[in-house]
Amino acid sequence: GVPNGGGPVGLQGLGYGADYNPEQGPQITRLEDIDLMTEAGVNIVSVAIFAWGTIEPKEGMYDFDWLDEVMDRLHAAGISASLATATASPPTWLTSAHPEILPVTEDGTVLSQGGRQSYAVTHPLFLDYAMKMTRLIAERYKNHPALAIWHVDNEIGCHVPRDYPAAAAAAFQVWRTQNYSTNDALNEAWGTAFWSQKYSTFEDILPPRIAPTYANPSQKLDFDRFSSDALLSYYNQMRDILREVTPNIPSTTNFMCSNAKGMDYYAWGKEMDIISNDHYTVANDAERQIDLAFSADLTRGTGDGRPWILMEHS
């Protein structure tokens with residue numbers, strides 16, 4: 001079930017639809033899409049998930065005309081929109097001008113532009129750009145009658161649940177001061193007497209990057225907790241903007257309960273207006289069918305039994 005949206009159409013009952021990426025096809029295809037959706041009984045679609053580069057092809061140069069038309073046509077056809085913040089993939093001009101926002105693996109490899117989620121959620125510069133885009137979209141479509149739900153980013157942490165750049169190290173140091181009152185408390189919790197790992201200042205501690213031997217397991221566990229919190233903070237900052245601009249429109253982001261162990265989704269569920277999950281399976285794979293049942297149970301659990309949306313499914 002989907003709660004009622006803020007526009008005149010709204011949406012109640014069973015939502016049926018899919019991700020919709022009209023920017024990836026020509027105008028003639030977009031017109032046909034709406035007709036086929038109507039014929040199939042579609043009543044809601046997710047829109048603009050990966051559209052940042054189309055909306056803002058150059059920094060400060062915006063093209064919303066195509067999205068305005070899509071939203072208008074959806075509304076005219078009685079189809080609601082789960083409208084995205086368009087932040088799931090930064091545009092090439094942003095990562096080219098500011099490669100420091102790119103994510104980094106534990107062995108120091110910089111993950112380049114060319115796929116998706118090529119961003120570090122702990123980098124203040126990226127956060128500024130992402131929040132600006134979120135606010136632009138929220139202000140432009142806050143009163144649009146097709147708007148039913150906000151789709152915040154997309155599968156947050158799916159590809160980069162752990163990120164190790166300098167910005168993450170600085171944020172990890174702040175996180176530690178909030179969780180350990182003294183160096184002694186941290187050293188005791190991490191067992192740093194082993195292998196001469198004792199820390200005299202918080203500033204000496206880095207993320208658990210590749211080391212000559214095994215990394216400290218307690219340090220890794222805390223970095224896991226920090227990383228989930230950092231990704232959730234990224235979601236919350238966008239959600240707060242959306243709540244400010246459109247307090248009557250609920251927000252969600254799509255979990256990956258079946259294969260994303262990088263996030264503490266029970267903590268995340270408390271922050272969601274609506275719980276949603278993605279699940280990809282193979283029809284003749286019995287183990288994946290069991291996984292689907294487990295994923296569904298886990299998704300309901302993250303929302304304390306509330307109704308939830310299966311946002312994507314193969």
Side-chain angles (χ1 to χ4, degrees), residues 5-7 19-23 45-68 70-71 80-95 97-98 101-103 113 116-144 146-160 163 167 171 229-255 263 268 271-276 309 311:
D19 284 358
Y20 182 41
N21 303 285
E23 70 276 15
V45 291
S46 292
V47 186
I49 293 174
F50 301 107
W52 191 342
T54 306
I55 292 171
E56 190 178 9
K58 294 182 179 180
E59 183 169 5
M61 180 185 297
Y62 302 102
D63 178 11
F64 282 104
D65 291 348
W66 66 275
L67 187 53
D68 292 347
V70 167
M71 292 288 286
S80 294
S82 173
L83 184 59
T85 55
T87 52
S89 290
T92 55
W93 58 259
L94 177 53
T95 53
H98 299 286
I101 73 168
L102 292 168
Q113 173 71 265
R116 62 178 186 176
Q117 291 189 357
S118 49
Y119 55 62
V121 299
T122 54
H123 201 291
L125 181 68
F126 170 71
L127 291 174
D128 287 346
Y129 276 98
M131 300 312 138
K132 180 180 179 181
M133 176 53 62
T134 299
R135 185 172 293 278
L136 280 171
I137 290 179
E139 291 287 355
R140 189 172 188 90
Y141 297 104
K142 61 185 178 182
N143 295 318
H144 200 286
L147 177 61
I149 306 169
W150 287 114
H151 184 115
V152 179
D153 205 89
N154 185 70
E155 295 180 344
I156 298 173
C158 173
H159 299 296
V160 190
D163 192 19
D229 287 352
L231 291 163
L232 178 56
S233 174
Y234 173 58
Y235 168 85
N236 284 342
Q237 289 177 68
M238 289 183 282
R239 180 210 59 196
D240 289 349
I241 291 171
L242 298 171
R243 283 182 176 176
E244 174 193 338
V245 179
T246 56
N248 58 329
I249 302 294
S251 299
T252 190
T253 194
N254 37 346
F255 291 170
M263 281 69 71
W268 285 55
E271 303 292 341
M272 303 289 150
D273 296 326
I274 305 171
I275 301 295
S276 65
I309 300 170
M311 187 69 74

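The chain is numbered in sequence order, starting from 1. We use all heavy atoms of the structure for the numbers below, so side chains are in, but hydrogens, waters and symmetry mates are not. In this text the structure is predicted, and so the values were computed from the model without any measurement.
At a threshold of 4.5 Å between non-hydrogen side-chain atoms, the residues Ile49 and Tyr20 do not count as touching. With contacts defined as side-chain heavy-atom distances shorter than 4.5 Å, the pair Ile249/Leu242 does not qualify. Looking at heavy atoms from C-beta onward, Arg116 lies in side-chain contact with Glu155 at the 4.5 angstrom threshold. Annotation: side chain of Leu136 is not in contact with side chain of Ile55 (no heavy-atom distance under 4.5 Å). The side-chain heavy atoms of Leu83 and His144, taken from C-beta on, include no pair separated by under 4.5 Å. Side-chain contact between Ser89 and Trp52: absent, with no pair of heavy atoms (C-beta onward) separated by less than 4.5 Å. Side-chain contact between Met263 and Phe255 is absent, with no heavy-atom pair separated by less than 4.5 Å.
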Item checked: Derivation and outcome, side-chain contact (heavy atoms from CB on, under 4.5 Å), residues Phe64 and Ile137 -> CA-CA 9 Å; Phe64 282 104; Ile137 290 179; 4.1 Å; yes
Check: Can you check side-chain contact (heavy atoms from CB on, under 4.5 Å) on Val121 and Ile156, steps first, answer last?
Finding: CA-CA 10 Å; Val121 299; Ile156 298 173; 5.5 Å; no
Check: Passes side chain to side chain donor-acceptor pair (under 3.5 Å), Thr95 versus Ser118? Steps please.
Finding: CA-CA 8 Å; Thr95 53; Ser118 49; 5.4 Å; no
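Taking all atoms of both residues into account, the shortest heavy-atom contact from Thr87 to Ala130 is CG2-O, 3.7 Å. Residue Leu94 comes nearest to Ile101 through the heavy atom pair CG-CD1, 3.8 Å, listed as atom of the first residue, atom of the second, then distance. Residues His159 and Gln117 come closest through the heavy atom pair N-OE1, 3.1 Å. For Val245 against Ala138, the heavy-atom pair with the smallest separation is CG1-O, 3.6 Å. Across every non-hydrogen atom of Gly53 and Pro91, the tightest pair is CA-CB, 3.9 Å. Of all the heavy atoms in Pro103 and Val160, the pair that sits closest is CB-CG1, 3.9 Å.
With rounding to the nearest 0.5 angstrom, the OG1 atom of Thr134 is 9.5 Å from the CD atom of Gln237. Remark: His123 NE2 to Leu102 CG distance equals 9.5 Å, nearest 0.5 Å. The line from CE of Met133 to CE of Met238 is 12.5 Å long, rounded to the nearest 0.5 Å. Interatomic distance, OG of Ser251 versus CD1 of Ile241, reported as 11.0 Å (0.5 Å rounding).
Aromatic ring pairs are classed by plane angle as parallel below 30°, tilted from 30° to 60° and perpendicular above 60°; the pair His98 and Tyr129 is tilted. Using bins of under 30°, 30° to 60° and over 60° for the plane-to-plane angle, the ring pair Tyr119/Phe126 lands in the parallel bin.
Gln113 places no side-chain N or O within donor-acceptor distance of the main-chain N or O of Trp93, the cut-off being under 3.5 Å. The closest donor-acceptor contact from the side chain of Asn254 to the backbone of Ser276 lies at 3.5 Å or more, if one exists at all.
In summary, of the residues considered (Thr253, Asp229, Asp153), a side-chain hydrogen bond (donor to acceptor under 3.5 Å, both in side chains) with Tyr234 occurs for Asp153 alone.
Thr54 and Glu23 are not linked by any side-chain donor-acceptor pair at a separation below 3.5 angstrom, with hydrogens and angles left out of the test.
A salt bridge does not link Lys132 with Glu56: none of the charged nitrogens is closer than 4.0 Å to a carboxylate oxygen. Arg239 has no carboxylate O lying under 4.0 Å from a charged side-chain N of Asp273, or vice versa, which leaves the two without a salt bridge.
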